[in-house]
> 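The structure's right below; bear with me while I get my questions together.
Just so you know, ligand 1 is whichever comes first in the structure, and atom 1 is the first atom listed for that ligand.
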Amino acid sequence: MRRRAGELAVDGGLPAFVYDLDALREHVAGIREALASGPELFYAAKANPDARILATVAPYVDGIEVASGGELEHVRRVLPQARLAFGGPGKTDAELALAVREAERIHVESPYELARLACLGHEADVLLRVNLAGDRRGVALAMSGPFGMDPEAIEACHEILAAAPWLRLRGVHAHLASGLDADAMLRQSAEILEWARPWLDKAGCTQAPEFNLGGGMAVDYTDPQSRFDWARYGREIASLAHPGQTLRIEPGRAVTVYAGWYVTRVLDVKKAHGQWYAVLSGGTHHLRTPATKNHDQPFTVIPQGEQGPSATSARVTLVGQLCTPKDVFAREIPVDRIAVGDVVAFSMAGAYAWNISHHDFLMHPKPSFHYLST
Ligand SMILES: *Cc1c(COP(=O)(O)O)cnc(C)c1O
């Protein structure tokens, strides 16, 4: 990575996203191996839908979860053979019409959405998305709000399904929170199954019921070396499975986050009101992750600067080129030295990074994209 960043700097290709496809392949192969005895693994495309990322992940996953018509069409183009599950709130009639043709599973978010799906008169295999209350304290992101149906509201689906025999109820979907470690994820998976098994039984879905347990496997930005314990999750989740039933998960962040770097260069180093700032080329319009999650993006400084201002043995705040105090990558981080011309490589930029960023704000140039692959 260090050599590659140096080359990019010499080429003048900064800021750049560098995706290490070799590392990604190895990582997702490891996840696959840990889940050898189930559950099925779908990749949530919204974490990073880059075509080469998708193609690298594809051989190791059972399918791709898409959350819009745009994602569906994109993934279908990149991976014509992939099994697709379509989820997400606010599906339009056009999206539902696309989904019944292209997705093998549709995750339904409300009774009204189910009724609109029924109106299409087209066969479809549906999972009903439930939103269990539960205690989600300590999670990175609880999916409270308009996602899925309360256990009471979901009852309204019986009648709609009964009147639309072309819709096949295949199971239950739940994606309740993000940022759960293996233990918390196992507890949550057990909670979902405990609710969903008798509910599906009562609903008459007794043949090969499916349980999509969602994504949200923890990623720790304060410790780039730590990893979700896939081996433990795989071992324990297999013991929650019942014969003839399918369990499925759909992680995104924990699959691709480690494979991406945002590499840029120091434009200025200065002190303001007693605080050191390094101003970098680019900004959170390329890498919005630290602004949206309000964290310090982990980074390494690769010394290249020979002249110009620098800070030594200081706490430095790394900012971008946007005219807003929110354009911050990391706050008051101790560094040995940072100088104008140095290259800064932010790690953990492979998920919810470029594709969630507001690219056109201030009309700076777009980053370049590079792929490491043997
Ligand atoms: C975002 C999302 C995922 C993936 O979540 P991660 O935190 O990236 O693992 C999975 N399922 C649904 C329904 C989602 O909205």
Side-chain angles (χ1 to χ4, degrees), residues 24 27-28 31 34-35 39-50 53-54 57 60-72 75 83-91 95 99 103 105-110 113 126-132 136 138-149 171-182 184-186 188-189 192 196 210-221 226-230 233 237 247-260 288-289 292-293 295 348-356:
L24 176 60
H27 178 60
V28 67
I31 297 175
L35 302 178
E40 284 189 356
L41 173 63
F42 274 48
Y43 168 61
K46 81 169 188 284
N48 188 337
D50 180 281
I53 295 266
L54 288 174
V57 163
Y60 303 97
V61 299
D62 298 292
I64 308 287
E65 190 255 356
V66 295
S68 74
E71 277 192 358
L72 191 154
V75 174
R83 296 169 57 194
L84 300 182
F86 186 99
K91 298 180 193 71
E95 286 178 316
R105 293 293 180 272
I106 301 175
H107 303 154
V108 173
E109 297 266 343
S110 77
E113 185 175 285
V126 304
L127 272 62
L128 300 178
R129 182 171 180 181
V130 69
N131 197 345
L132 300 176
R136 320 252 166 250
V139 304
L141 192 69
M143 300 299 284
S144 48
F147 306 105
M149 292 170 265
V172 162
H173 173 277
H175 172 72
L176 304 178
S178 279
L180 281 76
D181 65 16
M185 188 58 80
L186 285 161
Q188 181 179 274
S189 299
I192 295 164
E210 300 176 9
F211 304 90
N212 187 320
L213 305 167
M217 287 65 185
V219 162
D220 186 352
Y221 288 89
S226 81
R227 293 289 183 274
F228 183 82
D229 190 347
W230 287 104
Y233 183 75
I237 195 75
L247 305 187
R248 189 175 295 134
I249 56 171
E250 48 183 23
R253 193 186 301 270
V255 178
T256 52
V257 71
Y258 307 105
R288 188 162 168 259
T289 328
T292 185
K293 286 189 73 71
H295 69 203
M348 300 184 77
Y352 303 102
W354 166 248
N355 66 309
I356 65 158

> Quick check on contacts: which atoms of ligand 1 are under 4.0 angstrom from a heavy atom of G252?
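Atoms satisfying the 4.0 Å criterion: 4 (C), 6 (P), 8 (O), 9 (O).
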> Taking side chain as C-beta onward, heavy atoms only, is F228 less than 4.5 Å from V219?
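They are not in side-chain contact.
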> What do you reckon, does A47 have a nitrogen or oxygen under 3.5 Å from a nitrogen or oxygen of ligand 1?
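N/O-N/O distance under 3.5 Å: no.
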> Provide the number and element of each atom of ligand 1 under 4.0 Å from a heavy atom of R253.
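So the answer, numbered in order with elements, is 6 (P), 8 (O), 9 (O).
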> Between M217, E109, E250, H107, flag the one that comes closest to atom 13 (C) of ligand 1 by a heavy atom.
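It is E250 whose heavy atom sits nearest to atom 13 (C) of ligand 1.
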> Could you please spell out the steps behind the side chain to side chain contact (heavy atoms under 4.5 Å, CB included) verdict for Y352 and R288?
CA-CA 8 Å; Y352 303 102; R288 188 162 168 259; over 6 Å; no
> Say whether P251, considering both its backbone and side-chain N or O atoms, lies within less than 3.5 Å of an N or O atom on ligand 1.
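There is no such contact.
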> Might you point out which heavy atoms bring W230 and I249 nearest each other, and give the distance in Å?
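So the minimum-distance heavy-atom pair works out to CZ3-CD1, 3.8 Å.
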> Over 60° means perpendicular and under 30° means parallel, so tell me whether H295 and Y221 are parallel, tilted or perpendicular.
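Correct class here is tilted.
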> Please state which protein non-hydrogen atom is closest to atom 15 (O) of ligand 1 and give its distance, to 0.1 Å?
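For atom 15 (O) of ligand 1, the nearest protein heavy atom comes out as K46 NZ, 2.8 Å.
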> Could a heavy atom of Y352 be found less than 4.0 Å from some atom of ligand 1?
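True for this residue.
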> Check each atom of ligand 1 against the heavy atoms of G215 and keep those under 4.0 Å away; list them by number with element.
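In order of numbering, the contacting atoms are 9 (O), 10 (C).
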> If the contact criterion is a heavy-atom separation under 4.0 Å, does G216 count as touching ligand 1?
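Contact check G216 vs ligand 1: positive.
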> To the nearest 0.5 Å, tell me how far H173 NE2 sits from L128 CG.
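CG of L128 is found 11.0 Å from NE2 of H173.
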> Which residue, R129, E65, H175, R248, forms the side chain to side chain contact (heavy atoms under 4.5 Å, CB included) with N212?
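With N212 as partner, side chain to side chain contact (heavy atoms under 4.5 Å, CB included) holds for just one option, R248.
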> Looking only at protein heavy atoms, which one is nearest to atom 7 (O) of ligand 1, and what is the separation?
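Protein heavy atom at minimum distance: S178 OG, 3.0 Å.
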> Distance alone, cut at 3.5 Å: any donor-acceptor contact between the side chains of S189 and Y233?
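Looking only at side-chain atoms, Y233 and S189 do form a donor-acceptor pair, the distance falling under 3.5 Å.
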> Could you list which atoms of ligand 1 come closer than 4.0 Å to a heavy atom of A44?
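The list of qualifying atoms is 3 (C), 4 (C).
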> Any chance you could measure I64, atom CD1, to L54, atom CG, to the nearest 0.5 Å?
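That separation rounds to 5.5 Å.
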